[in-house]
Each structure stands twice: as structure tokens, then as C-alpha cells.
Amino acid sequence: MREGTLEQGVAYTIPIKRSGRHTAADAPAWARTILEVFRAESIQNLVFLPDTVMGRLLALAEEDPFFRLVGVHREEEAVGILTGMFLGRQRGAMLIQSSGLGNTLNALGSLAMAYRIPFPLLVSLRGELGEFNPAQLHMGRAVPGCLDALTISHVTLRSVSDLETIVTGALKTCFTAEEPFGILLSAQLTGWKPET
């Protein structure tokens with residue numbers, strides 16, 4: 001919430017919309033399914049750095065009092081926040097774009113993996129087929145290899161078929177293994193980012 005005072009001395013509050021231009025009514029089926037599974041697994045805290053893909057999911061979560069949205073300025077901050085939440089017996093998820101995964105690698109390896117802090121890493125992939133921005137290509141392609149190098153298990157979601165089963169299994173594995181688990185959202189599932 002942003003607060004202020006009008007010239008006439010009247011106080012006002014403006015809610016901050018975390019999802020940008022996206023609306024809950026326009027949220028795609030994949031976003032609804034992921035949030036339903038998060039709810040079923042008691043993942044209440046969504047720690048995010050917004051992007052176009054996550055904005056559609058965040059718009060839906062923003063209107064649901066079950067979810068608590070926590071924005072960060074840099075992706076590695078999310079690892080520390082999620083660690084604190086876990087130590088306080090709360091479950092959370094990190095929502096980032098593939099280009100930001102590189103910023104989290106040291107924090108993932110030296111904190112989350114070293115101290116067995118479980119949380120799902122929901123990563124929207126850039127750099128796949130149809131990518132228009134050359135700056136997204138290399139890190140987008142490197143995401144699976146980066147996760148493999150840190151021995152972080154991961155799955156790539158490409159369609160809505162079996163989405164609920166795959167995400168549920170990923171979350172159960174994440175909390176059983178007591179370590180982060182990557183859930184990668186392919187453009188085949190989410191659609192390509194418009195060239196704007």
C-alpha cells in the first residue's frame with residue numbers, strides 16, 4: 001500500500017498491484033492449476049521478481065487471501081527470505097524468470113542446498129524456440145545445466161496435460177528431500193512473450 005495526503009489534507013491509500021497489467025479473470029488454466037496445487041501443499045508465500053509470465057499467475061494469487069506475495073529487487077534475496085520462512089515453519093515458493101536464475105546460484109548452493117531448505121523454484125523459461133530477444137538465449141538454455149550442476153532436481157512443464165500430477169509430485173519430492181526443486185515453465189505451456 002502507498003499512503004499519502006492530498007492538497008486538501010485528505011489521507012489516501014493506493015493498493016500496489018503486484019501483477020502489473022494482468023488480471024485474475026485473464027489468468028490461464030496452467031496458473032490456476034499451479035496455485036491449486038500450492039494451496040493443497042500449504043505453500044502460502046510467493047516470493048517473486050515479476051515478469052510477464054509470472055504476472056498472470058500473480059494476478060490470480062493477488063485476489064486470493066490464502067496467498068501472501070513478497071516482491072524482491074534481486075532474485076538471490078528470495079533464497080534468504082524463503083530460508084527465514086522455512087525456519088519459521090512456513091512454506092513458500094520462488095517465482096522468477098530464467099534470466100534471473102543466474103543471480104541465485106551462489107545463494108542456492110551455499111544456503112538452500114547446504115542447509116536443506118526446501119522450496120519450489122518456479123522458473124519461466126526464456127531463450128527457447130521462438131525467442132525474439134538474443135540476450136535471453138544463453139541463460140535460457142543454461143537453466144537445466146545450472147540446476148544439474150547444483151544437483152537441484154527439476155521438471156519442465158510443456159503442456160496442461162498431467163500438470164496437476166507433475167506439480168504435486170515435484171512438491172512432494174521437494175519437501176521429502178528437503179531441498180529446492182525446479183519447476184520450469186516452457187513457452188510451450190505459457191506462450192511466447194510478445195515482442196514489445
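In this chain, residues are counted from 1 in sequence order.
Listed here is the closest heavy atom pair of Phe119 and Ala112: CE2-CB, 3.8 Å. Residues Leu46 and Ala61 share a closest heavy-atom pair of CD1-CB, 3.6 Å. In terms of heavy-atom proximity, Val143 sits nearest to Ser98 at CG2-CB, 3.4 Å. The minimum heavy-atom distance between Ser124 and Asp51, with the atom names listed, is OG-OD2, 2.7 Å. Gly80 and Leu111 make their closest contact through CA-CD2, 4.2 Å (heavy atoms, listed as atom of the first residue, atom of the second, distance).
The side-chain contact (heavy atoms from CB on, under 4.5 Å) check on Ile166 picks up Val155, Leu157, Asp162, with sequence neighbours excluded. With sequence neighbours excluded, the residues forming a salt bridge (Lys or Arg N to Asp or Glu O under 4.0 Å) with Glu76 are Arg74, listed by chain and number. For Ala31, the side-chain contact (heavy atoms from CB on, under 4.5 Å) partners are Pro28, Leu57, not counting sequence neighbours. The salt bridge (Lys or Arg N to Asp or Glu O under 4.0 Å) check on Glu164 picks up nothing, with sequence neighbours excluded. Contacts of Phe86 classified as side-chain contact (heavy atoms from CB on, under 4.5 Å), with partners at least two apart in sequence or in another chain: Ile117, Pro118. Remark: Asp148 pairs with no residue by the salt bridge (Lys or Arg N to Asp or Glu O under 4.0 Å) rule, at least two apart or across chains. Considering only residues two or more places apart in sequence or on other chains, Glu77 meets the side-chain hydrogen bond (donor to acceptor under 3.5 Å, both in side chains) condition with none of them. Applying the side-chain hydrogen bond (donor to acceptor under 3.5 Å, both in side chains) criterion to Arg116, with sequence neighbours excluded, gives no partner residue. Legend: residues meeting side-chain hydrogen bond (donor to acceptor under 3.5 Å, both in side chains) with Arg32, ordered by chain and number and at least two apart, are absent. Applying the side-chain contact (heavy atoms from CB on, under 4.5 Å) criterion to Gln90, with sequence neighbours excluded, gives Asn45, Arg68, Met85.
Sequence neighbours left out, the pairs with a member in residues 168-177 that pass side chain to side chain donor-acceptor pair (under 3.5 Å) are Glu41-Lys172. For residues 100-115, every residue pair satisfying the side chain to side chain donor-acceptor pair (under 3.5 Å) rule, not counting sequence neighbours, is listed here: Glu75-Asn103.
Side-chain atoms of Phe48 and Met54, non-hydrogen and from C-beta on, never get closer than 4.5 Å to each other. Residues Val72 and Ile96 have side chains not in contact (no heavy-atom distance under 4.5 Å, counting atoms from C-beta outward). Annotation: side chain of Leu163 is in contact with side chain of Trp30 (closest heavy-atom distance under 4.5 Å). The shortest side-chain heavy-atom distance between Met94 and Leu82 falls under the 4.5 Å cut-off. The side-chain heavy atoms of Ser42 and Phe175, taken from C-beta on, include no pair separated by under 4.5 Å. Within the 4.5 Å cutoff, the side chain of Leu150 has heavy atoms near those of the Leu105 side chain. Ser159 is not listed as a side-chain neighbour of Gln188, based on a closest heavy-atom distance of 4.5 Å or more.
Note: Leu49 CG to Leu95 CG = 10.5 Å, rounded to the nearest 0.5 Å. To the nearest 0.5 Å, atoms CG (Leu125) and OG (Ser99) are separated by 10.5 Å. Distance check: Ile34 CD1 to Glu36 CD gives 10.5 Å after rounding to the nearest 0.5 Å. The CD atom of Glu179 lies 8.0 Å from the SG atom of Cys174; values are rounded to the nearest 0.5 Å.
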Walk me through it: do Val79 and Val47 pass the test side-chain contact (heavy atoms from CB on, under 4.5 Å)?
-> CA-CA 9 Å; Val79 177; Val47 184; over 6 Å; no
Quick one: do Leu184 and Leu121 satisfy side-chain contact (heavy atoms from CB on, under 4.5 Å)? Show the steps, please.
-> CA-CA 8 Å; Leu184 313 181; Leu121 287 146; over 6 Å; no
Yes or no on side-chain contact (heavy atoms from CB on, under 4.5 Å) for Val160 and Thr33, after CA distance, side-chain angles and deciding distance?
-> CA-CA 9 Å; Val160 292; Thr33 300; over 6 Å; no
Chi angles and distances behind the side-chain contact (heavy atoms from CB on, under 4.5 Å) call for Phe67, Ile43 | CA-CA 8 Å; Phe67 293 104; Ile43 297 171; 5.8 Å; no
